[in-house]
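To start, the structure under review is shown below, and the notes come after it.
Chain identifiers are assigned alphabetically (A, B, ...) following the order of the sequence lines, protein sequences preceding nucleic acid strands; residue numbering begins at 1 within each chain.
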2 protein chains.
Amino acid sequence: MSRPGGVASPLTNMENNGHVVDALVRALERRDSVSERERDALAAAVGEIRIHPAGNTLIRAHRPAEASTLLIEGMLAREFSSAVGRRQIVALHIAGDFVDLHSLLLKKLDHDVTALTDVKVALFPHVALRRLTETEPHLARMLWLLTVIDAAVHREWIARTSHSAAVKVAHLLCEMQVRLAIVGLATDQGFVLDLTQGDLADMAGLTAVHINRTLRKLRESELAIVRDGLASIPDLQKLRDFAGFDPTYLYAEQTPR
Amino acid sequence: MSRPGGVASPLTNMENNGHVVDALVRALERRDSVSERERDALAAAVGEIRIHPAGNTLIRAHRPAEASTLLIEGMLAREFSSAVGRRQIVALHIAGDFVDLHSLLLKKLDHDVTALTDVKVALFPHVALRRLTETEPHLARMLWLLTVIDAAVHREWIARTSHSAAVKVAHLLCEMQVRLAIVGLATDQGFVLDLTQGDLADMAGLTAVHINRTLRKLRESELAIVRDGLASIPDLQKLRDFAGFDPTYLYAEQTPR
DNA sequence: CGCCTTGTTGAAAACACTCAACTAGAGTGG
DNA sequence: CCACTCTAGTTGAGTGTTTTCAACAAGGCG
């Protein structure tokens with residue numbers, strides 16, 4: 001899967017979709033309990049499965065939306081690509097995230113959704129999701145909960161902007177670590193981070209040049225080593241203290257069963 | 001109602017609560033249609049009505065929440081009051097806003113809710129709201145929609161941070177104008193804005209000193225005159241162009257009936 | 001009247017940005 | 001096999017914006 005250009009590859013839908021919702025269910029179980037029936041109902045609502053190469057724009061703002069996207073593999077971003085001015089990423093998504101569940105209510109999005117790495121996604125047609133919310137009230141509440149946690153993350157991103165560059169980046173790394181750990185993609189020592197410094201810049205609201213200097217500073221103070229597609233954290237608590245990071249806003253306190 | 005100190009005044013609940021949900025219903029009608037029954041159901045779910053003086057903290061983070069707050073009059077803010085570092089406001093609320101509807105799902109909030117002006121609020125016990133979502137599915141979807149629009153506003157606040165101070169403030173004023181206009185509290189020429197420059201600073205992520213200089217600049221370029229508790233807008237389109245403001249993210253396109 | 005908060009302005013310092021040059025590696029095509 | 005061309009990362013120097021520190025004016029309130 002090469003970087004520039006490329007198009008989406010629709011895959012067959014004939015196989016069992018249980019594994020597709022694995023990460024999602026793992027994330028849900030950190031917040032509430034998921035019954036077998038609910039899990040099956042989710043898997044049954046999966047429509048198409050697609051693969052997109054890094055750089056692709058999956059969904060464009062202001063277009064009618066007829067499905068919601070579950071990210072299975074890779075990372076993608078929600079971003080404003082305003083005509084003038086530089087790109088601003090407003091949300092980062094990882095495996096198990098319902099990227100645009102809110103489009104079920106809003107009908108069209110106010111932002112684009114683009115792949116930061118090669119990604120694999122599952123599309124949930126709105127008609128199927130809608131029916132799900134009607135027949136499975138508890139599941140409906142959990143989906144509502146997901147959108148509300150999404151908003152909690154947004155708030156933390158807003159608050160982050162009033163801090164220094166180093167704290168911003170450290171905080172972002174802390175958030176990624178917790179979210180990735182929920183779906184088994186991070187340990188206390190670090191995680192795979194296959195993003196460019198430009199991507200990080202657009203998330204932190206900084207320039208790529210300044211991100212570079214900031215990462216060097218974090219490396220020199222032994223807070224976090226971000227290099228070669230890897231984020232290494234020598235001392236997680238030390239990094240969290242530096243960033244003023246408190247993971248409660250992710251509402252993932254419940255230990256998985 | 002004086003500024004500092006002061007405590008909440010619980011009012012009687014014996015009267016008809018129809019007018020309490022007026023602004024809320026007006027806001028809902030810009031997004032969907034509200035039936036008489038739904039309106040009555042909302043009014044019936046109102047619990048206590050309270051008045052708080054400016055400066056009061058209505059809700060503290062991390063405490064169990066048993067009711068959601070509808071703002072009837074005045075303005076209040078959701079803010080992180082982190083131990084060290086300055087206060088960051090992550091959301092501004094006006095009449096008709098459900099301030100902490102998300103606490104219905106989250107059980108506890110990640111932020112404080114404080115009054116920026118004297119405010120009048122209605123408390124909706126979670127048990128009543130919960131029952132409402134079960135008996136009125138369409139209303140439940142509209143409440144979900146409200147939390148999702150809330151998140152859309154959050155995203156715009158994130159994106160705002162990568163712009164210059166003047167654009168930030170101008171954009172904030174544009175947003176206020178639209179939201180206040182929805183509930184009849186603003187015209188194209190301006191609105192009552194009884195906040196301190198410190199409040200605006202904490203919303204824009206700037207210092208009070210710099211807000212002061214920025215407001216002067218906006219005044220001198222005849223984009224917006226913010227003074228004496230009033231925001232005057234000589235030319236709304238000009239201000240919007242300057243701010244790069246596009247109101248579609250507020251999803252209030254439907255004209256009220 | 002004195003105290004407090006809010007608003008206002010100046011000057012210096014800190015921070016992040018811009019512009020620019022250069023390195024390294026991956027992929028391309030002659 | 002070797003230029004050639006991308007993209008990503010790195011570093012330096014100068015610029016611009018925002019913050020900090022400080023002082024003072026105006027108004028409300030006890």
Side-chain angles (χ1 to χ4, degrees), chain A residues 1-6 53-56 75 84-88 114-118 160-170 172 193-221 224-231, chain B residues 1-6 53-56 75 84-88 114-118 160-170 172 193-221 224-231:
Chain A
M1 297 194 265
S2 59
R3 281 234 153 198
N56 249 28
M75 286 189 178
V84 328
R86 63 163 176 275
R87 157 177 100 146
Q88 170 71 42
T114 68
L116 297 180
T117 68
D118 297 338
R160 196 149 59 203
T161 59
S162 53
H163 296 130
S164 72
V167 171
K168 272 184 198 170
V169 175
L172 182 57
L193 182 62
D194 198 17
L195 304 181
T196 68
Q197 294 184 355
D199 292 334
L200 293 175
D202 295 340
M203 280 183 234
L206 300 168
T207 58
V209 171
H210 201 56
I211 279 284
N212 183 287
R213 295 190 224 271
T214 305
L215 287 178
R216 175 154 59 100
K217 207 167 139 192
L218 290 179
R219 202 182 315 129
E220 284 167 1
S221 19
I225 298 103
V226 177
R227 190 161 38 186
D228 303 326
L230 229 68
Chain B
M1 299 195 264
S2 60
R3 281 232 156 198
N56 249 28
M75 284 187 180
V84 329
R86 60 164 179 275
R87 160 177 96 147
Q88 171 71 44
T114 68
L116 297 180
T117 68
D118 298 338
R160 196 149 61 205
T161 59
S162 53
H163 296 130
S164 72
V167 170
K168 272 185 196 167
V169 175
L172 182 58
L193 182 63
D194 199 16
L195 305 181
T196 68
Q197 295 184 354
D199 292 334
L200 293 174
D202 295 340
M203 280 182 235
L206 300 168
T207 58
V209 170
H210 201 56
I211 279 283
N212 183 288
R213 296 190 224 270
T214 304
L215 288 178
R216 176 153 60 99
K217 207 166 139 193
L218 290 179
R219 203 183 313 128
E220 285 168 0
S221 18
I225 299 102
V226 177
R227 188 159 40 188
D228 304 325
L230 229 68

Item to complete: Would you sort out whether B/M75 and B/D194 count as a side-chain contact (heavy atoms from CB on, under 4.5 Å), showing the intermediate values?
Response: CA-CA 9 Å; B/M75 284 187 180; B/D194 199 16; over 6 Å; no
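- Rounded to an integer number of Å, the gap from CZ of B/R227 to C1' of C/dT6 is 15 Å.
- Atom-to-atom, CG of A/L215 to C1' of C/dA16 comes out at 15 Å; the value is rounded to the nearest Å.
- Contact annotation: side chain of A/R213 to base of D/dG12, donor-acceptor pair present below 3.5 Å.
- OP1 or OP2 of D/dT10 lies within a sub-4.0 Å distance of a side-chain N or O belonging to A/Q197.
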Item to complete: Decide side-chain contact (heavy atoms from CB on, under 4.5 Å) for B/L116 and B/M203; before the verdict, give the C-alpha distance in whole Å, the side-chain angles of both, and the deciding distance to 0.1 Å.
Response: CA-CA 12 Å; B/L116 297 180; B/M203 280 182 235; 4.1 Å; yes
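- In this structure, the CZ atom of B/R219 is 8 Å from the P atom of C/dT9, given to the nearest Å.
- Applying the 4.0 Å criterion to OP1 and OP2 of C/dT9, one finds that B/R216 has a side-chain N or O inside that range.
- Atom NZ of A/K168 and atom P of C/dA16 are 7 Å apart (whole Å).
- By the 6.0 Å contact criterion, CZ on A/R219 is enclosed, its count of non-hydrogen atoms from other residues, nucleotides or ligands being greater than 12.
- Residue B/R86 places at least one side-chain N or O under 4.0 Å from the OP1 or OP2 atom of D/dT19.
- The nearest whole Å value for the distance from the CG atom in A/L116 to the C1' atom in D/dA8 is 15 Å.
- The separation between A/D202 atom CG and C/dC17 atom P is 11 Å, rounded to whole Å.
- Close to C/dG7, at under 4.0 Å from its OP1 or OP2, lies no side-chain N or O of B/N212.
- If you check every strand for non-hydrogen atoms under 4.0 Å, B/G205 touches sugar and phosphate atoms only.
- Residue B/A208 is classed as having no contact, given no heavy-atom separation below 4.0 Å to the nucleic acid.
- Distances shown here put a side-chain N or O of A/T207 below 4.0 Å from the OP1 or OP2 atom of C/dC17.
- In this structure, the CG atom of B/L230 is 17 Å from the C1' atom of C/dT6, given to the nearest Å.
- Checking each of A/N212, A/L215, A/V169 against A/L200 for a side-chain contact (heavy atoms from CB on, under 4.5 Å) leaves exactly one that passes, namely A/L215.
- Listed for the A/Q88 side chain is no donor-acceptor partner under 3.5 Å among the backbone atoms of B/R160.
- If you take CG of A/L200 and P of D/dA8, they are 12 Å apart, rounded to a whole angstrom.
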